[in-house]
Every structure is written in C-alpha cells, then in structure tokens.
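Worksheet for the structure shown next.
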2 protein chains.
Amino acid sequence: MSVHLLQTATSVLLKDPTASLGDVAKAAGVGRTTLHKRFPTRTDLVRAVANDALDLIDSVACEVDFDSDDALEDLMTRLVALGPRVEFLLRFPGLERDAELRARIEAMDQPVLDLITRLQGTRLRRDLPAWWILHTLYAGLFNAWEAISYGRLAPLDAPRFVLTTVFEGVASAGATDRT
Amino acid sequence: MSVHLLQTATSVLLKDPTASLGDVAKAAGVGRTTLHKRFPTRTDLVRAVANDALDLIDSVACEVDFDSDDALEDLMTRLVALGPRVEFLLRFPGLERDAELRARIEAMDQPVLDLITRLQGTRLRRDLPAWWILHTLYAGLFNAWEAISYGRLAPLDAPRFVLTTVFEGVASAGATDRT
DNA sequence: ACCGTTGTGAACATGAGTGTTCACCTGCTG
DNA sequence: CAGCAGGTGAACACTCATGTTCACAACGGT
C-alpha cells in the first residue's frame, strides 16, 4: 500500500510540482494525517519519491551487462520503459539542491559515463565529451516520456525513436552538413 | 530600467521557480511595492518574463531566412546565443497552463515545423515525425544552456555541440547500429 | 474480550507569500 | 516655488500550505 502511495505522489507531483500535501493525500485516497505520519515533512516525501525512482533505476541497471557493446542500447531501452516514475528525477524542480540525492545521482551516472568513455574508443564519437553524450541520452529519454504522456508517441515506438535520434541524429543518412 | 527588472526576474525565477516576489524585488534592487505596481500579480510577472523571452525569439526568428537550406542551423545558432532569457520558457514549471502563452508558443513553433517538414524532403530523415525533430532541437538547446550555466561548456562551443549532436548523433561516423 | 497497531477526521497554531493601502521622499518640470 | 510623477518602506489583512495534536474507529493477534 505504501508503494501505491509513492506512485500516486510521483504522478501528482509530476503533473503539478506545487501540489499541496492535501492534494497528494486525496489522490492517494488516504488522509493527510496518514501521509504526514509516513512522511513527516514535504521534503521527506519528495526525497522518498526520488529515492523510489533511483531504486527503480538501480533495479534495471543491475540487469544490464555493462561490458557488452550493446550496453547503452540495452540500458536506454529499459529506461524508456520505466516512464513517469523516473521522469520525476529529471523534471522536479529543486531536486538537485538535495545533497544526498545529488550524490546518489552522480554515483549512478558514473558507470554510465565510464561506459560511454569506453565506447568512445569504438562506436561513439570522440569529439564530444562523455558528459555531453550522457546528457544527450537523458534528453532523448525526457522527450520520449513527455511525448508519451501527451499521447503523441506510442510507448512501443519510444525506444526506436530515442535510439535512432540520439545515435544517428535527425539528418538523413546522405546529408553531411558542416563538419 | 524596466528591462533590467525583467532580466533579473528571469534569472531569479530560473534559479528558483518558487522564489518569492520579495526575493525578485530585492535582487532587482527595487522595493516590493514598486514591483507590485508594475506587475500587479505574480502571474503577471511570470507572463511578462515569458513574453519577453518570446519577443527575444521573435527578434532573431525574423532575421532568419526560412527559405534557405541552412535555415535550421542558422536559427539554432542564434537561439543558443540567447541563453537564460529563453531557457526560462522551457524550464519554468506550469508555464504551459497559461492558454495565452501556449498559443503564442504554438504559433511560434509552426513555421519551424513547416521548415522541418520541408527539409524532410532533402536533408532530414523522413522516418521521424516533424514534432519529434522539433523537440530534439529544443532538447539540444536545453542541454547547451544548462551546461553553460554550470560552467561545463564554453558558450562559443555550444553551437557546434548542439548542431553536430542533433543532426549527426553521438555515434561515430562509421558505426551504423540497428536500423 | 483485551490491547497495540494503524488509519482517520477535526481542529488548531504557525509561518510565509501575497495583495493592498498609506504616508513619505526624491527629482524633475512648468 | 509649486506641483506632480515615480519610487520607497511600513503596516495591514487575507489566504493557504504546513506541521502538530487529539480523540475515535477498525482490525488482528494474544
């Protein structure tokens, strides 16, 4: 039941970051008092939601073989499927000001950065820094999630959209513009 | 002086979307009363900031020759240079709930969408919808602005980063992965 | 049947942001 | 000099989210 509460909080806070605790409680079908008992302060709730998202990422990240050459594609495909629960991490304002969360996010980024750096020896371009590539991946995920939530993009199309766009770009195959 | 006020408000609200009007006034070096006199309500201020950003976009968009083949590159390069003033439009939460602003943004997107659709006949891939390409462009801008504000990216590098990433992708030239 | 746990609603106090009014000061113009 | 426009700070009332407390109901285990 606590799980459902967190998920509800995620979607409510994602739709309106300024939603009151009363709104969250009502949406979850519980009393505001109950919410306060489980998460004494608003910050606690936000942190719990964020950590829930991070747990979710952890759970898929540990299924990915980071030594594989397809590790990035694999990871991205799995992340796309997670949807709103993780979108929260990229969208919620002021989340980066929580030192504890920031540390966990950075710790989670590190293996991906290492993977990118390694792949820059073979499949990824070397004229862009690894962090830029990482953020480009995130931006692709973000776009997909947003498009899905607006109903513009079919969830099953999302992985293909993200992977082709991020890896190959939006220019048609033959067109090489400015070097 | 009113111009400086809007710019200050932009940066303050961008750094912390929940900043109080008192914070904005203090940052701008004016009294809160003065702020209220110019923008009677908080909504008015936010709308003014957003419209200022839209004016800024208008001013560069009208310098771009949308019939040129390089129109997209030209537009993107100019947009990158605008920085935080426009970043506000993409970052500020709840902005899309203002019908008037949403209409103006859509009206502004339309010619770019048309341009993209036209270029899909030549330089842009046809297997992605125009709106997806548009959002990919925006995501590139967003990444650049964020990286610049964090000091990770030199402003002069930004246009190249955005254009190569968005158009050619992050995969190295030779590597063609999954179709 | 008793009791601890858990959830619930009601009520309250508090603090912050907001919008408004008013008296005062400054600088400029006629 | 008089008057006016624009800016300023102080004070006020109002709203709302928040955090806290309390008494009560439901439920399960002993």
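So you know, we letter chains A, B, ... as the sequences are listed, proteins then strands, and number each from 1.
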Rounded off to whole Å, could you give me the [atom1]-to-[atom2] distance for the [X] and [N] pair?
{"X": "Lys26(A)", "N": "dG7(C)", "atom1": "NZ", "atom2": "P", "result": "21 Å"}
{"X": "Leu35(B)", "N": "dA10(D)", "atom1": "CG", "atom2": "P", "result": "17 Å"}
{"X": "Asp44(A)", "N": "dT20(D)", "atom1": "CG", "atom2": "C1'", "result": "15 Å"}
{"X": "Leu5(A)", "N": "dT6(C)", "atom1": "CG", "atom2": "P", "result": "15 Å"}
{"X": "Lys37(B)", "N": "dA5(D)", "atom1": "NZ", "atom2": "C1'", "result": "10 Å"}

Any donor-acceptor pair under 3.5 Å linking the side-chain atoms of Asp23(B) with those of Ser20(B)? yes
Side-chain H-bond candidate by donor/acceptor type, Thr41(B) with Asp44(B), under 3.5 Å: no
Using a cut-off of under 3.5 Å, enumerate the N/O to N/O pairs linking the protein to nucleotides 13-19 of chain C.
| from | atom 1 | to | atom 2 | distance (Å) |
| --- | --- | --- | --- | --- |
| dT18(C) | OP1 | Arg42(B) | NE | 2.4 |
| dT18(C) | OP2 | Leu21(B) | N | 2.8 |
| dG19(C) | OP1 | Thr41(B) | OG1 | 3.1 |
| dG19(C) | OP2 | Arg42(B) | N | 3.3 |
| dG19(C) | N7 | Arg32(B) | NH1 | 3.3 |
| dG19(C) | O6 | Arg32(B) | NH2 | 3.0 |

Counting heavy atoms from C-beta on, name the nucleotide in dG9(D), dG7(C), dG7(D) closest to the side chain of Thr33(B). dG9(D)
Would you mind reporting whether Ile116(B) and Leu134(B) have side-chain heavy atoms less than 4.5 Å apart? yes
Test item: Arg152(A) side-chain N/O and Trp132(B) main-chain N/O as donor-acceptor pair under 3.5 Å: no
Quick one: does any side-chain atom of Arg102(B) pair with a main-chain N or O of Glu96(B) as donor and acceptor, under 3.5 Å? yes
Anything under 30° is parallel, anything over 60° is perpendicular, the rest tilted; go ahead and classify Trp131(B) against His135(B). perpendicular
